[in-house]
*Asks:* 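There's a structure below that I have some questions on.
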Number of protein chains: 2
Amino acid sequence: MFKSKIVKLVVNDVRFPTSLEQHGSDAMHSDPDYSVAYVVVETDADLKGYGLTFTVGRGTEIVVCAVEALSSLVIGKTLEEIVTDFSAFYRLLTSDGQMRWVNWPLWKLLVDMDPRKLIRCIDFRYITDALTEQEALGEVCQLNDQMLKEGYPAYTTSCAWLGYSDEQLSQLCSAALAEGWTRFKVKVGADLQDDIRRCSLIRKMIGPENTLMIDANQRWNVGEAVSWITTLAEFRPLWIEEPTSPDDILGHAAISKVIRELYVCVCVCQCHNRVMFKQFLQASALQFVQIDSCRVGSVNENLAILLMAAKFKVPVCPHAGGVGLCELVQHLILFDYISLSASLNNRMCEYVDHLHEHFRSPTVIKNAHYMPPTDPGFSCEMLDESVQKYGFPHGDVWRSILKQKGSQDNFSE
Amino acid sequence: MFKSKIVKLVVNDVRFPTSLEQHGSDAMHSDPDYSVAYVVVETDADLKGYGLTFTVGRGTEIVVCAVEALSSLVIGKTLEEIVTDFSAFYRLLTSDGQMRWVNWPLWKLLVDMDPRKLIRCIDFRYITDALTEQEALGEVCQLNDQMLKEGYPAYTTSCAWLGYSDEQLSQLCSAALAEGWTRFKVKVGADLQDDIRRCSLIRKMIGPENTLMIDANQRWNVGEAVSWITTLAEFRPLWIEEPTSPDDILGHAAISKVIRELYVCVCVCQCHNRVMFKQFLQASALQFVQIDSCRVGSVNENLAILLMAAKFKVPVCPHAGGVGLCELVQHLILFDYISLSASLNNRMCEYVDHLHEHFRSPTVIKNAHYMPPTDPGFSCEMLDESVQKYGFPHGDVWRSILKQKGSQDNFSE
């Protein structure tokens with residue numbers, strides 16, 4: 001298999017018109033159409049690879065273009081060339097931008113990988129002052145198959161999007177409680193009185209024994225964040241997610257310093273690389289690391305972040321949702337548990353119940369836990385039919401929507 | 001004029017094959033083909049707008065695609081709509097990404113603008129803890145026309161690219177001294193012994209009275225940077241530019257803390273937005289702010305950075321070179337001098353003597369000073385002939401190069 005060569009790479013712009021029903025709406029994104037740039041890699045053997053990254057509609061064509069620009073670095077390579085030195089291959093790709101390639105149930109590949117080889121995936125340039133290759137190796141340990149039986153704990157964001165009515169919130173929250181969910185996230189940040197009403201409603205429904213988290217999606221300035229969170233602290237949120245710009249390490253540190261007195265933690269996900277996460281950890285600017293499978297460029301980059309979180313003893317609670325983010329990130333958090341943290345204390349993975357039906361191996365949730373995938377790959381092979389139907393702008397769904405709108409201008413092709 | 005409407009936007013991928021002669025080579029970019037995504041905006045009146053951003057070859061098509069993706073936000077707008085509320089227009093564009101539009105000799109537009117209107121260009125979200133609207137207004141003052149007579153001091157990077165031989169260095173340095181240049185930048189970071197030899201050579205030629213700066217182009221880890229700079233400190237560089245990742249604020253602060261004992265400053269340019277610069281200033285992680293006209297998305301973003309630098313009393317020494325960066329950034333530094341700093345102490349603007357011949361109003365250097373442009377616009381209208389000839393991949397120059405190479409694969413169209 002390793003001798004087979006990559007001979008073709010196809011990338012599709014696939015968009016789901018989720019904005020029509022306000023799924024995914026938050027304080028910064030009022031009309032997201034959840035979308036993916038979806039990549040299929042073909043080899044000269046009977047073997048394909050699948051990858052995707054998540055976007056929210058407009059601009060997906062830019063990502064498609066970026067993938068096409070990088071494709072010449074991938075086409076013609078044998079799997080052996082890539083696997084023999086992941087680090088060299090990674091630097092080759094990241095010297096231009098982003099890309100992802102895998103072939104195996106990814107979490108098994110990572111967990112089973114020889115620790116030295118695993119460490120070779122990581123580009124330590126710029127982060128050795130926080131984590132050396134030697135230290136990283138020390139962090140890598142092996143654990144058991146408990147996950148296959150019990151799964152990894154999840155929390156739900158599906159109950160409380162910003163655009164939902166109070167009635168919808170109540171109905172969805174009741175249903176989730178009945179299904180065994182114990183951890184709930186609420187979108188906040190657009191209007192304080194609304195937030196108070198919504199947080200109060202959810203806290204009453206879930207009771208003091210369950211977990212509430214709030215997410216501002218980068219809406220505030222530093223001072224605003226502190227005063228807003230101070231008001232919402234009475235509803236005992238475990239964390240505030242993204243109170244301000246994800247680039248603002250010192251700002252998050254300042255917010256954290258104040259709100260920890262109110263027993264509220266800070267959580268950040270939209271950092272763009274390992275150098276940013278390094279500084280968030282060094283500056284004690286967060287208490288939960290939210291990796292995201294698509295926001296940073298590659299699995300390799302996330303490995304560096306997971307290892308740094310382990311060294312700094314900060315729990316990882318992945319960001320997910322979107323399209324395929326749950327499918328992808330479950331592999332990384334299983335690796336984190338089995339090979340690094342060995343602890344479920346204050347750890348959970350976000351879950352959003354949307355769009356899984358478009359994947360060949362969708363996530364399986366049992367009793368509010370992610371059940372480890374056993375199919376090969378990174379769980380992101382999509383159904384051909386979905387790719388056709390939601391392809392932008394020529395798939396059936398979009399042709400119909402765009403026709404109704406009377407013009408394509410509103411969707412900025 | 002303000003009633004006229006934008007009716008068309010054309011973007012070109014223009015590449016100059018500079019890698020063939022090692023112009024622009026440094027410790028991280030061994031084969032740059034200096035390029036631009038070049039935008040021409042047409043109105044329904046006899047009025048056009050010009051814009052560009054700088055790239056180094058491969059990937060320019062991604063920027064072209066990004067511009068096309070944003071074009072629908074611009075087409076159909078009247079100039080009045082844009083000018084009446086720059087801030088709203090800016091947020092409209094930055095909610096998706098980058099863009100630039102101007103119409104006037106830009107530095108005059110900025111300098112002459114009513115201070116309140118100028119301040120309205122800036123998106124203060126995320127930076128109010130470092131600079132409020134009120135403080136920014138206080139920083140804006142008016143100065144005189146001294147610039148028109150004397151120009152703004154420049155330094156040269158043209159003498160010491162990494163790929164040049166010692167003989168080339170000597171010849172170019174002699175010529176520059178004869179032309180009146182007093183400030184010189186040397187590329188370092190690939191090989192320490194080479195750096196010692198090259199820095200020693202340049203320092204001997206320019207003598208102790210002239211200024212030497214060194215630039216590592218993000219090559220080092222934090223620890224490496226400290227030891228490398230410690231060795232090169234004997235050549236008395238004013239600053240080390242980009243010792244490590246431009247995202248690493250805390251890393252730069254750590255480097256700065258050590259090397260200031262050796263009287264070497266830290267200088268950073270490749271920050272991607274105002275939030276990053278804010279933190280560099282808050283953390284005392286740099287002693288010179290190097291704005292870049294293209295790296296951050298828009299003039300508006302650079303206004304925020306200039307105003308913060310003024311408040312923190314850190315001199316601004318712009319980054320330039322590339323294609324059109326000198327043409328663009330001269331407007332911003334003239335504004336900085338006339339309306340903000342009113343000082344030339346420790347201030348200078350980078351100059352590289354390449355590719356100016358492709359512009360309708362190229363920079364004018366007299367006695368190592370930038371002479372203020374008087375033509376309308378942002379000085380980035382290119383000659384039609386250049387756009388045609390260097391258009392990638394169908395312009396004459398590229399068709400000939402690609403034909404010689406035998407295949408387009410090496411240039412990743």
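None of the values given here were measured: they were computed from a predicted structure. Proteins come first, then strands; the chains are lettered A, B, ... in the order of their sequence lines, and each starts at number 1.
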*Asks:* Considering only heavy atoms and a distance below 4.5 Å, find which of Ile127(A), Ile75(A), Asp129(A), Val64(A) pairs most often with chain B.
*Replies:* Asp129(A)

*Asks:* Relative to chain A, which segment of Ala283(B) carries a heavy atom at a distance below 4.5 Å: side chain, backbone, both, or neither?
*Replies:* both

*Asks:* Check for a donor-acceptor pair, side chain of Tyr126(B) on one end and backbone N or O of Gln218(A) on the other, with a separation under 3.5 Å.
*Replies:* yes

*Asks:* Which pairs count as side chain to side chain donor-acceptor pair (under 3.5 Å) when at least one residue sits in residues 243-253 of chain B, sequence neighbours excluded?
*Replies:* His272(A)-Asp247(B), Asn273(A)-Asp247(B), Lys278(A)-Asp248(B)

*Asks:* Which pair of heavy atoms, one from Glu61(B) and one from Ala69(A), lies closest together, and at what distance?
*Replies:* OE2-CB, 3.1 Å

*Asks:* Which atoms form the tightest heavy-atom contact between Ala66(B) and Ile62(A), and what is the distance?
*Replies:* CA-CD1, 3.5 Å

*Asks:* Just to verify, what does Asp13(A) make a salt bridge (charged side-chain N to carboxylate O under 4.0 Å, His left out) with, not counting sequence neighbours?
*Replies:* Arg15(A)

*Asks:* Is it the side chain or the backbone of Ile249(B) that comes within 4.5 Å of chain A heavy atoms, both, or neither?
*Replies:* both

*Asks:* Any idea which heavy atoms bring Leu250(B) and Gln279(A) closest together, and the distance?
*Replies:* N-OE1, 2.9 Å

